[in-house]
Amino acid sequence: MNTRGLRSQLKDSVPVTGMGPQVGAYGVQDTLRSGFSSVKNELLPSHALELSEKNFQLNQDKINFSNLRNIQGLHAPLKLQMEYRAARQIQRLPFLQSSHLALDTLKGNDESISFEDILNDPAQSEMMGEPHVMVEYKLGMM
Amino acid sequence: MALSNVVETPASGFNFENVSRNVALEGLLEGGHTKAPKPMKTGTTIAGVVCKDGVVLGADTRATSGEVVADKMCAKIHYISPNMYCCGAGTAADTEKTTDLLSSNLTIFSMNSGRNPRVVMAVNILQDMLFRYRGQIGASLILGGVDCTGNHLYTVGPYGSIDNVPYLAMGSGDLAALGILEDRFKPNMELEEAKQLVRDAIHSGIMSDLGSGNNIDICVITKQGVDYIRPYQESEYKDKRQRRYKYRPGTTSILTEKIVPLELEVVQETVQRMDTA
């Protein structure tokens, strides 16, 4: 395995962001929505897997795309990412459940079962968001 | 109830919100001299042997939770596919869920491709899954199966390490079982001899390890099919209860009985032709 090549791919991986303070409008801690801030809670992730799981899919995609680029040339990841972007836009409004059928088929998730399908299914979440707030957040208005 | 502090739908998969709360609780409990409940582990002896016609897997049936025996008749040999079975040691829930997920993934694959899955495929899926979670999923597994390339026996550790060997033992009683296996294993054994060897290995694990006990289960996988013998041998040390402690039927007297017939009437009937072309 070409470890030198792998290292150059990994340095492009999604940087460790940690849990930054939730910024609201005007760039200040949004106390009303996310509660009081505590430096200890936000600097360090409390579980060893928290950060790794948050960015897992993104990192896998980066590795796969750069492998594909090295093997088949620039057109291959370019076309695939174009299709991903198109499929990602086929969704219902933010507070409704969308099936992500096209995106799942493209990524191959329709042929495998993992913990994302069993645990914490958003369709069965006990909390519902306020529709207006969610749409405004999605559109970047707040 | 719609909450206005939820701005995005929660991501699916593992949820780490309660980790800091648990750490704080742990600190409080230790100070109060009480302990958090321990997860149910299968401190175990599991063993596997490759013989001439197939693979023989064996396991004990005790599941412990701290210092208490939680389950005396626990099934540690899990079904993966018609030609593969997997013994699991470690945290009981982790082994169950991991083998369930593996079995579902392989079923989808065999429906898609029309083939029986190979043992290497199962091992690779397990390895990827366990390495992704960096050993937090405490499952040590022995996977044995027969496919078109032959009889295989693999071990997968909790951090994702794999090993392909002709005989194997895992769990807390593995040292005792490995002693027996190292002494009497020969390549290309007959089926009956292999079953006896695995039985003896598990028996020595049961005798020498506190976390293993009760009955012995054996699973024989050959090209013709699978023979899951549960229990292969029951332990001699069973409880001899003095009386029956279950309630006789009729112990609780019935005071009144009221029957209300539910009358339904057909309101509407529609017939839709199904196109079975």
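Letters A, B, ... are given to chains in the order of the sequence lines, protein chains preceding strands, and every chain is numbered from 1.
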- Item | A:Asp110 vs B:Ile108 side-chain heavy atoms within contact, under 4.5 Å |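 SC-SC contact between A:Asp110 and B:Ile108 ruled out.
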- Item | Contact check, side chains of A:Phe115 and B:Ile137, non-hydrogen atoms, under 4.5 Å |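 In contact.
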- Item | Under 4.5 Å from a heavy atom of chain B, the part of A:Phe95 involved |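 No part of A:Phe95 comes within 4.5 Å of chain B.
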- Contacting region of A:Ser112 [heavy-atom separation from chain B under 4.5 Å]: both
Nearest 0.5 Å, what's the [atom1]-[atom2] distance between [X] and [Y]?
{"X": "B:Ser104", "Y": "A:Ile118", "atom1": "OG", "atom2": "CD1", "result": "7.0 Å"}
{"X": "B:Ser113", "Y": "A:Glu111", "atom1": "OG", "atom2": "CD", "result": "9.5 Å"}
{"X": "B:Phe14", "Y": "A:Leu119", "atom1": "CZ", "atom2": "CG", "result": "5.5 Å"}
{"X": "B:Asn15", "Y": "A:Asn120", "atom1": "CG", "atom2": "CG", "result": "5.0 Å"}

- Keeping to residues at least two apart or across chains, list the side chain to side chain donor-acceptor pair (under 3.5 Å) pairs with something in residues 116-139 of chain B. A:Glu53-B:Arg132, A:Glu116-B:Arg132
- Item | Inter- and intrachain pairs under side chain to side chain donor-acceptor pair (under 3.5 Å), touching residues 76-89 of chain A, at least two apart |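 The answer is none; no pair qualifies.
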- For B:Arg230, does the CZ atom have more than 12 heavy-atom neighbours from other residues, nucleotides or ligands under 6.0 Å away? yes
- Above 12 or not: heavy atoms from other molecules or residues under 6.0 Å from NZ of B:Lys97?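 At most 12 heavy atoms, drawn from other residues, nucleotides or ligands, come within 6.0 Å of this atom.
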- Task: Please report the shortest heavy-atom distance between A:Ile113 and B:Leu101, naming the atom on each side.
- Result: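 Shortest heavy-atom separation between A:Ile113 and B:Leu101 comes out as CG2-CD2, 3.6 Å.
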- Note on the structure: Max heavy-atom pairs within cutoff under 4.5 Å with chain A, candidates B:Leu102, B:Asn112, B:Leu106, goes to B:Asn112
